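Remember, it's a predicted structure, so these values are computed and weren't measured experimentally.
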Amino acid sequence: MMKKRKGYPVYPLTAAQKFHFFYQNFCPKKEVLNIGTSLTIESELDRNVLKESIYKAYERCESMRLRFAADKEGTWYQYVEAKEERDIEFVDFSGKTMEEAEQIMTEWTAVPFEPQDSPMNRIVMIKMPDGFQGVYLLVDHRTMDAQSLICFLKDIIELYCNAMYEGIPYPKEMASYIEQLQKDLAYEAGCRAKDRDAEYFHRLIDETPEPIYNGIDGTGALDEERKRSGNPDARAAINVSDSVDSALDIFHLEEEPTKRLLDFCEKYHVSLVCLLLMGLRTYYQKMNSNADVSINTAIARRATLKEKKSGGTRIHSFPFRTIIPENKTFLEGVYEIRDLQNEYFRHANYDPVSYFAYRGKKYPHPNGQTYEPMSLTYQPLTMKEKGLEKLGDIRYKTKWYPNGATTQAMYLTVMHRPEDNGLDFSFEHQVKAVSREKLEYLYYYLCKIMFKGAENPNMTVGDIMKLI
């Protein structure tokens, strides 16, 4: 086992990081773990002050200085470099169109990082054709997730504004990544909480019948599997294609309808993710005439302030299964999802790889078969809410760039747009597995179900499916 590397203490990987290593191993395109994003502001930026602010943000965020190294046995470890001294480049897109600028940043996002002892991120100061200025940020998913990435970008901007403008306070300290890492590793080494979490998920698997696959456009994939295997009762199916090439299709929900959904959530004390899950599962129920639906759901594991501000990647993703008969009301379904979500949150430190391994032992099926047609992540975090409103009405934009590869057939991320707080539904999908037409259809019906349910919470699921 490695003790030190380049003079720095070395740590094992967390469960969340191993999960990423786990699927990167199966992927011919190593850029599958890249996350590219840009944050630009409608204002002339002082490049020297911006560069200083970026170095300062690096200094305050340990996980942005994370490196990986493998020992002779091929086991990977991580350590944190003391300082970030790379030059931060500047690219001026002024002479180009917005499409060309975004195309170039999409190309940057598809360049994998060197695996060993090298920085796992890249920052470029940018000036966009529309006059907005800011930064492009590329990170490796094993070192950051969307929430820590937004947190880091916000830190750069707040440091910059503190240096440039009167009366903008210096941002509060970030939390230590290593401290949080040691907590996670202590949990994984074994403790009462870990036993309780394992018990919970094992019981969930043991005390329920085998889940069943529901397809985006009906039971085709499952029928195919039953024919192929000669097993008329097969319940898992393959939904990925033989190519990991992916596209990103984004659908925009306007501010006003978004507000109607958020008002429903506020009135009934549920989070938007409950409404999204209810909408998605009802769509699959309608398409497959089946009340038993499983979807992968991502849990951010950032309950405490320290977890929120420690950077790193903390996402654990689990299958989320609900059986909601047609005679239940929409609201009863939403409440059922909320209660199950709350249980998941309590036990979410459990390692998802162990979950899948345990389930795979109980219901063995060949590699590549699954019960879950898709994954859902909801990003509640917007830049708006904390601290940045002091800048008056400075307009800003964020954009995410696809890396061009995914090991999942379909991954939906829902987030708020900074311009108007409307929702963006970003579907990353394997081009050969799911077409844009199918996604348009899913998105259209998902919205119809959510609005019909939000307006008539006491209508039964069966009636909603008939009406839309």
Side-chain angles (χ1 to χ4, degrees), residues 214-218 249-299 317 319-341 344 372-380 409-417 421-429 434 438-468:
N214 293 280
I216 184 171
D217 50 2
D249 280 305
I250 304 178
F251 301 100
H252 307 287
L253 187 63
E254 288 74 39
E255 179 177 17
E256 190 278 322
T258 297
K259 191 176 173 322
R260 295 200 323 253
L261 297 180
L262 293 171
D263 288 347
F264 169 86
C265 294
E266 205 170 309
K267 181 174 175 182
Y268 293 102
H269 306 290
V270 294
S271 71
L272 184 61
V273 80
C274 299
L275 189 53
L276 290 164
L277 281 166
M278 183 63 190
L280 285 166
R281 65 151 320 284
T282 306
Y283 169 82
Y284 282 100
Q285 182 167 359
K286 178 183 166 72
M287 295 303 291
N288 295 268
S289 310
N290 183 8
D292 183 348
V293 181
S294 298
I295 291 169
N296 281 321
T297 175
I299 296 175
S317 192
F320 191 84
R321 179 190 193 181
T322 46
I323 302 174
I324 300 177
E326 289 189 20
N327 60 2
K328 278 211 166 159
T329 67
F330 186 82
L331 189 60
E332 285 172 329
V334 170
Y335 280 154
E336 198 169 305
I337 287 171
R338 179 196 61 187
D339 296 346
L340 184 58
Q341 274 259 301
Y344 268 49
E372 288 80 30
M374 66 176 294
S375 295
L376 170 71
T377 301
Y378 166 58
Q379 273 308 332
M410 177 168 69
Y411 193 128
L412 168 60
T413 304
V414 180
M415 19 191 167
H416 294 273
R417 278 191 303 283
N421 213 32
L423 287 173
D424 277 351
F425 290 73
S426 302
F427 288 93
E428 188 184 10
H429 59 106
V434 184
K438 285 182 187 174
L439 293 176
E440 276 173 9
Y441 190 82
L442 164 65
Y443 172 69
Y444 172 74
Y445 278 103
L446 168 62
C447 288
K448 283 192 84 155
I449 292 164
M450 290 195 298
F451 287 113
K452 186 58 83 185
E455 284 150 25
N456 311 279
N458 295 317
M459 192 181 271
T460 66
V461 171
D463 284 344
I464 287 175
M465 292 193 306
K466 276 196 209 79
L467 278 172
I468 55 161

**OP:** Keeping the roles fixed (side chain from N288, backbone from G215), state whether a donor-acceptor pair exists under 3.5 Å.
**Re:**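 Side chain of N288 to backbone of G215, a donor-acceptor pair under 3.5 Å: yes, one is there.
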What pairs with [X] under side chain to side chain contact (heavy atoms under 4.5 Å, CB included), at least two apart in sequence or on another chain?
X	value
S271	V273, C274
K438	I216, D217, V434, S435
T258	L253, L262, L423

What is the minimum heavy-atom distance between [X] and [Y], and which atoms define it?
X	Y	value
I449	G279	CD1-O, 3.8 Å
S294	E372	CB-OE2, 3.5 Å
T297	Q341	OG1-NE2, 3.9 Å
H429	D249	NE2-OD2, 2.8 Å
M410	L439	SD-CD2, 3.2 Å
I324	Q285	O-NE2, 3.0 Å

Can you find a heavy atom in the side chain of [X] that is under 4.5 Å from one in the side chain of [Y]?
X	Y	result
L331	Y268	yes
V270	L275	no
F425	L412	yes

**OP:** State the CE-CE distance between M278 and M450, to the nearest 0.5 angstrom.
**Re:**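 M278 atom CE to M450 atom CE measures 12.0 Å (nearest 0.5 Å).
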Original post:
To the nearest 0.5 Å, how far apart are OH in Y444 and CD1 in I468?
Top reply: 9.0 Å
Partner residues of [X] under the ring pair (Phe, Tyr, Trp, His ring centres under 6.0 Å) criterion, sequence neighbours left out:
X	answer
Y441	Y445
F251	F427, Y443
F320	Y344

**OP:** For E254, enumerate each residue passing the side-chain hydrogen bond (donor to acceptor under 3.5 Å, both in side chains) test, keeping only those at least two apart in sequence or located in another chain.
**Re:** none
Original post:
Does K259 come within less than 4.0 Å of E255, counting only side-chain N to carboxylate O?
Top reply: no
**OP:** Would you mind checking if D263 and K267 are paired as a salt bridge, meaning a charged N to carboxylate O distance below 4.0 Å?
**Re:** no
Please name all residues satisfying salt bridge (charged side-chain N to carboxylate O under 4.0 Å, His left out) with [X], sequence neighbours left out, ordered by chain then number.
X	result
E336	K328
R321	D292
E440	R436
D424	R417

For residues 451-463, dump all side-chain donor-acceptor pairs below 3.5 Å to protein atoms at least two apart in sequence or in another chain.
residue	atom	partner	partner atom	Å
N456	ND2	K452	O	2.9
T460	OG1	D463	N	3.1
T460	OG1	D463	OD2	3.4

Original post:
Stepwise, does the ring pair (Phe, Tyr, Trp, His ring centres under 6.0 Å) test hold for Y335 with H269?
Top reply: CA-CA 9 Å; Y335 280 154; H269 306 290; 9.0 Å; no
